[in-house]
Amino acid sequence: TTYEQDAEFAEVARDNMDVAGVADTVDVRTGDITDEINDLTAGEAFDLLTLDTEDAPDVVADAADLLAPGGFLAVYSPFVENARAAAEAAREAGLSGVETVETIQREMTFDDRGTRPSTAGVGHTGYLTFARR
């Protein structure tokens with residue numbers, strides 16, 4: 001089950017699921033997961049919860065009710081403040097193994113002297129927070 005707030009993004013997700021051959025096993029819904037959270041917590045537990053949304057900490061607060069025992073949580077945050085809030089929410093929800101890693105991306109330079117990350121420009125980074133129920 002996946003949620004996309006934007007109907008166009010949901011359609012792209014459906015097309016991607018079709019290309020990947022998993023369209024019959026993935027339910028792509030249009031809407032805000034935070035509006036549906038009460039229905040979800042009363043339903044089937046999930047083995048994996050991945051979030052890439054600004055309000056991820058609000059959803060993480062309900063992760064213990066959303067995840068099956070042993071289920072995993074993964075949150076992408078473009079800003080460190082949001083990553084911190086997600087990690088704190090995971091701890092407060094009683095999840096274990098909470099850790100956050102940075103995912104800096106830099107272009108690689110290949111030349112006669114060797115290979116190394118480019119020193120030009122600014123790299124892009126983000127943060128991944130992981131936890132387990």
Side-chain angles (χ1 to χ4, degrees):
T1 302
T2 183
Y3 282 83
E4 288 291 345
Q5 289 184 2
D6 185 302
E8 288 182 37
F9 290 175
E11 194 54 41
V12 169
R14 286 184 191 95
D15 291 343
N16 288 340
M17 298 303 166
D18 190 44
V19 169
V22 295
D24 293 340
T25 59
V26 178
D27 180 14
V28 179
R29 299 178 184 176
T30 303
D32 185 340
I33 190 171
T34 59
D35 293 339
E36 307 291 331
I37 203 85
N38 291 332
D39 292 336
L40 290 173
T41 57
E44 180 181 356
F46 297 95
D47 295 320
L48 173 65
L49 178 60
T50 61
L51 301 166
D52 177 4
T53 178
E54 186 176 347
D55 55 3
D58 296 335
V59 180
V60 172
D62 291 308
D65 294 328
L66 291 167
L67 289 169
F72 291 93
L73 168 73
V75 179
Y76 170 76
S77 303
F79 302 106
V80 71
E81 295 86 357
N82 197 269
R84 179 180 180 161
E88 289 173 352
R91 287 186 187 93
E92 289 173 11
L95 302 183
S96 64
V98 179
E99 73 171 328
T100 300
V101 296
E102 184 178 18
T103 63
I104 194 162
Q105 298 175 9
R106 297 187 290 170
E107 184 178 341
M108 297 299 292
T109 300
F110 304 101
D111 63 28
D112 294 337
R113 296 181 306 157
T115 305
R116 69 180 195 176
S118 172
T119 58
V122 177
H124 174 71
T125 195
Y127 306 91
L128 291 171
T129 299
F130 301 100
R132 189 168 191 190
R133 175 169 179 226

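Residues L51 and F130 do not share a hydrophobic cluster, defined by chaining ILVMFWY side chains whose heavy atoms lie under 4.5 Å apart. In this structure, V60 is not a member of the same hydrophobic cluster as Y127, with clusters built from ILVMFWY side-chain heavy atoms closer than 4.5 Å. Hydrophobic clustering, with ILVMFWY side chains joined whenever heavy atoms are under 4.5 angstrom apart, groups L95 together with I33.
Of all non-hydrogen atoms in A86 and P57, the two that sit nearest each other are N-CG, 3.7 Å. Nearest heavy-atom pair across A87 and T100 is CB-OG1, 3.9 Å. A13 and E4 get closest at one heavy-atom pair: CB-CG, 4.4 Å. In terms of heavy atoms, T109 sits closest to S118 at OG1-CA, 3.4 Å.
In this structure, CZ on R132 lies 13.0 Å from CD on E99, to the nearest 0.5 angstrom. Note that OH of Y76 and CG of L128 are 8.0 Å apart. Values are rounded to the nearest 0.5 Å.
Between the side chain of D47 and the main chain of A68, no donor-acceptor pair closer than 3.5 Å is present. Using modelled atom types, one side-chain atom of R133 and one backbone atom of L67 make a donor-acceptor pair closer than 3.5 Å.
Within 6.0 Å of CG on D24 lie no more than 12 heavy atoms contributed by other residues, nucleotides or ligands. In E102, the CD atom is crowded: over 12 heavy atoms of neighbouring residues, nucleotides or ligands sit closer than 6.0 Å.
Of the residues D52, N82, T129, T103, the one that meets the side chain to side chain donor-acceptor pair (under 3.5 Å) test with S77 is N82. Each of T25, V28, D27 was scored for a side-chain contact (heavy atoms from CB on, under 4.5 Å) with M17, with one residue passing: V28.
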Notebook entry, point to check: Passes side-chain contact (heavy atoms from CB on, under 4.5 Å), T125 versus V80? Steps please.
Noted result: CA-CA 10 Å; T125 195; V80 71; over 6 Å; no
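Residues R29 and T1 have side chains in contact (heavy-atom distance under 4.5 Å, counting atoms from C-beta outward). Side-chain atoms of D35 and Q5, non-hydrogen and from C-beta on, never get closer than 4.5 Å to each other. Residues T2 and T50 form no side-chain contact, since every pair of their non-hydrogen atoms from C-beta on lies 4.5 Å or further apart. Taking the side chain as every heavy atom from C-beta outward, V59 and L66 approach each other to under 4.5 Å.
Ion pairing between a basic and an acidic side chain is recognised when a charged N comes within 4.0 Å of a carboxylate O; E11 and R14 show such pairing.
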